[in-house]
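Treat the numbers as computed from the prediction; the structure is a model and nothing was measured.
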Amino acid sequence: MGTMDPMELLKNLNNLQSQFKDIQEKMKDIHASGSSGGGMVKIDMNGAMEIEQVSIAPEIVDPDDVSMLQDLILAAFNSAMQNVKEKMQSEAAGMTGGMPGGMPGFPGGFPSS
């Protein structure tokens with residue numbers, strides 16, 4: 001087994017950190033939407049998993065059925081989250097040139113939550 005050069009290891013680590021920061025910035029540029037109730041509830045989200053906008057059609061708001069509205073918001077959120085993950089994976093494949101294993105340090109690509 002060869003000897004490890006600590007300076008080379010540090011340089012590689014700094015490279016990875018810099019690449020990761022670039023990727024985090026690019027993720028904020030990814031935008032996706034999710035909807036439920038036939039588009040009555042819509043959530044826009046970015047790749048940093050930040051919700052940018054929530055739209056709720058007034059006619060879907062029923063004070064006597066708040067749980068239905070909560071379910072629709074949850075479904076729209078989950079839809080937006082799935083769409084963001086799909087966009088992130090295709091962006092990552094583009095950034096890494098489609099190399100097997102995806103992102104360095106993330107076996108199999110991005111970590112999924």
- request: Could you list the residues that satisfy side chain to side chain donor-acceptor pair (under 3.5 Å) with S33, not counting sequence neighbours?
  value: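 Side chain to side chain donor-acceptor pair (under 3.5 Å) check on S33 returns D44.
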
Pairs under 3.5 angstrom only: tabulate donor-acceptor contacts from the side chains of residues 67-79 to other protein residues two or more places apart or in another chain.
from: S67; atom 1: OG; to: D65; atom 2: OD1; distance (Å): 3.3
from: N78; atom 1: ND2; to: L74; atom 2: O; distance (Å): 3.4

If you round to the nearest 0.5 Å, how far is [atom2] of [Y] from [atom1] of [X]?
| X | Y | atom1 | atom2 | answer |
| --- | --- | --- | --- | --- |
| I43 | I56 | CD1 | CD1 | 7.5 Å |
| M27 | D22 | CE | CG | 10.5 Å |
| I51 | Q53 | CD1 | CD | 11.5 Å |

field: By side-chain contact (heavy atoms from CB on, under 4.5 Å) - contacts of D64 (at least two apart)
entry: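 With sequence neighbours excluded, D64 shows a side-chain contact (heavy atoms from CB on, under 4.5 Å) to D62, given in chain and number order.
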
Return the minimal non-hydrogen interatomic distance between [X] and [Y], and the atom names on each side.
| X | Y | value |
| --- | --- | --- |
| E52 | H31 | OE1-ND1, 2.8 Å |
| M49 | M81 | SD-SD, 3.2 Å |
| E59 | M40 | CG-CE, 3.3 Å |

Audit row: N83, K87, side-chain contact (heavy atoms from CB on, under 4.5 Å) steps and yes/no: CA-CA 6 Å; N83 291 337; K87 279 192 173 185; 5.9 Å; no

